[in-house]
Amino acid sequence: MTTTSETRTGLALFGGRPAVARGTRIPAWPRVTPADREAVLRALDSGRFTAAAAGEQEIPGLEREWAEQAGTRHCIAVSNGTAALSVALRALGVGPGDEVVVPALSFIATAAAPLHLMAVPVFADVDPYTYNVTAATVEAAISPRTRAVVVVHLHGLPVDMDEILAVAGRYGIPVVEDAAQAHGARYRGRPVGSLGAINTFSLNVSKNLATCGEGGLITTDDPELAARATMLRQFGELIAAKGERSYVAHELGWNNKPSALQAAFTRSQLARFPEECEQRDHNVRRMLDELAGLTGLALPGPPADRTHAWHILRFRIDPAAFGLGPEHAGPIRAAVQRALRAEGVPAAPYQLMPLPAQRVFREHRGLGEYPWALPGVLDRPYRESDFPITHAVIDNSFAIQKAHLHPDAGDLLMRYAEGFRKVWADRDRIAGYAAQLDYQPPWQQATAIAEKEWAQAFPAADRDLTEGE
Ligand SMILES: *Cc1c(COP(=O)(O)O)cnc(C)c1O
């Protein structure tokens with residue numbers, strides 16, 4: 001039974017009034033301003049819509065402006081961030097049977113991109129505090145077949161690049177930055193996207209720099225890699241002047257060209273990108289300051305030598321703060337997540353399982369049995385024990401995504417902080433709630449979800465897709 005006063009002030013999970021009033025609007029991202037509209041209309045009225053159109057200005061304009069922002073000599077715009085990764089890896093010469101080291105904690109695209117080249121992704125565990133790969137975890141994944149290392153500046157926090165570059169350099173292996181989540185972040189004074197040999201960004205609507213749909217950017221200082229990437233995005237063709245094509249395909253390329261309208265939209269976003277980053281930084285820091293006193297709550301934050309793009313905010317919980325032992329890390333996280341959601345705070349998981357646990361890699365659901373069936377490819381059966389930190393991070397932490405990206409989200413974030421405070425004020429009750437949960441770690445939940453949705457989509461039979469149709 002809840003009392004009247006508890007209904008007003010108690011946890012929303014138990015019937016109280018939520019910290020964030022129901023129906024509170026999350027400001028839409030990306031913002032669409034009159035300037036953005038004009039920019040897209042200008043591109044529309046130009047009648048030049050593709051990267052191949054003679055006189056088209058928006059795509060080279062975006063490439064010039066992003067190269068300047070990222071501090072690189074070259075930028076190549078492509079159709080999305082996943083394509084950017086495939087093109088970048090292929091530009092480096094990655095191909096069938098090569099190994100590419102990627103983080104065990106990332107979005108699927110980081111590991112799918114090498115697979116599209118028939119290269120084998122090999123996974124590196126992450127650090128429990130930064131959630132990024134480290135020199136040690138990368139080195140453990142390197143073999144004589146490693147052809148590239150892809151690092152992800154996860155959630156917007158730059159990887160310790162000097163350390164990674166030193167290790168990869170010792171083996172003569174190039175490093176690719178997947179900076180899809182980290183536009184504008186800096187490492188030791190230098191922007192991400194300027195530190196690896198060839199690097200990638202996404203312009204998907206979910207990212208800190210967005211287009212009105214799908215887009216991607218590749219950055220490099222190397223003119224030859226830039227020329228190869230440009231060739232690979234457009235059917236393997238070298239096009240000296242737009243509108244003049246020889247139609248010679250020098251090698252296998254894709255059609256991964258960007259759209260001129262979307263480039264115009266992103267250029268318009270880019271014009272206010274620095275102010276928006278600053279405002280977001282201000283808003284997020286203000287929220288984190290409010291949370292700083294909450295015992296056992298580990299907040300995201302950059303080491304002194306780098307900045308955070310605040311793409312995703314990840315919070316880790318120490319069960320000791322709830323009077324529980326480490327074996328309760330998962331249930332406490334799940335209970336806090338539920339309590340926060342009841343308060344109107346959009347706490348959610350980011351990745352239900354380590355990437356190597358995804359069916360596509362674990363069950364070798366690539367191109368038939370390939371690339372794993374290629375001669376000389378080392379079989380690395382998936383073992384949970386190879387990725388202890390990634391599992392722990394997925395179990396004991398949760399994320400807040402997208403809501404904080406808009407520069408006007410400051411007040412909303414202060415309401416979120418109030419939600420956290422309420423939950424922390426009632427830790428005993430949350431601990432009791434956690435103890436009664438029928439708890440399954442996220443990767444086990446994901447297995448059940450996977451089986452169910454597969455059976456729903458393909459009810460006729462439990463066909464194995466690797467057998468061919
Ligand atoms: C979003 C994302 C990508 C893929 O970008 P798309 O534009 O969606 O293809 C790649 N890597 C990471 C880490 C991402 O977050």
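Side-chain atoms are counted along with the backbone in the values below, which use heavy atoms only and exclude waters and symmetry mates. Remember, it's 1-based here, ligands and their atoms both numbered in the order they're listed.
- Between D289 and R285, none of the side-chain N atoms (NZ, or NE/NH1/NH2) sits under 4.0 Å from a carboxylate O, so this pair counts as no salt bridge.
- Note: W66 and F273 have perpendicular aromatic rings, judged against thresholds of 30 and 60 degrees for the angle between ring planes.
- Counting the atoms of ligand 1 from 1 in the order shown, those under 4.0 Å from a heavy atom of T110 are 11 (N), 13 (C).
- Checked by atom type and distance alone, the side chain of R228 pairs as donor or acceptor with a backbone atom of A91 at under 3.5 Å.
- Atoms of ligand 1 found under 4.0 Å from any heavy atom of A109 (numbered from 1 in listed order, with element): 3 (C), 4 (C), 10 (C).
- Side-chain atoms of T266 come within 3.5 Å of backbone atoms of A210 as a donor-acceptor pair (strictly under, hydrogens ignored).
- Residue contacts with ligand 1 for V152 involve side-chain atoms from C-beta outward but no N, CA, C or O (heavy atoms, distance under 4.0 Å).
- At least one N/O-N/O distance between T82 and ligand 1 falls below 3.5 Å.
- When each atom of ligand 1 is checked for a heavy atom of G81 under 4.0 Å away, the hits are 5 (O), 6 (P), 7 (O), 9 (O).
- Looking at Q181 next to ligand 1, an N or O pair under 3.5 Å apart turns up.
- Put simply, no part of H311 is less than 4.0 Å from ligand 1, judged by heavy atoms.
- Between W443 and H391, the two ring planes are perpendicular [angle over 60°; tilted spans 30° to 60°].
- Looking only at protein heavy atoms, the nearest one to atom 11 (N) of ligand 1 is D178 OD2, 2.7 Å.
- Of the protein's non-hydrogen atoms, the one nearest atom 1 (C) of ligand 1 is K207 NZ, 1.7 Å.
- With R383 contributing its side chain and D386 its backbone, the two residues share no donor-acceptor pair below 3.5 Å.
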Step by step, work out the side chain to side chain donor-acceptor pair (under 3.5 Å) result for Y416 and E290.
CA-CA 10 Å; Y416 290 178; E290 288 290 310; over 6 Å; no

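- Contact between S106 and ligand 1 is present, with at least one heavy atom of the residue lying under 4.0 Å from the ligand.
- Heavy atoms from both the backbone and the side chain of N80 come within less than 4.0 Å of ligand 1.
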Go through D395 and Y439 one step at a time and tell me if the side chain to side chain donor-acceptor pair (under 3.5 Å) criterion holds.
CA-CA 11 Å; D395 208 31; Y439 183 71; 2.3 Å; yes

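- Atoms of ligand 1 lying under 4.0 Å from at least one heavy atom of A180, given by number and element, are 2 (C), 3 (C), 10 (C), 11 (N), 12 (C), 14 (C), 15 (O).
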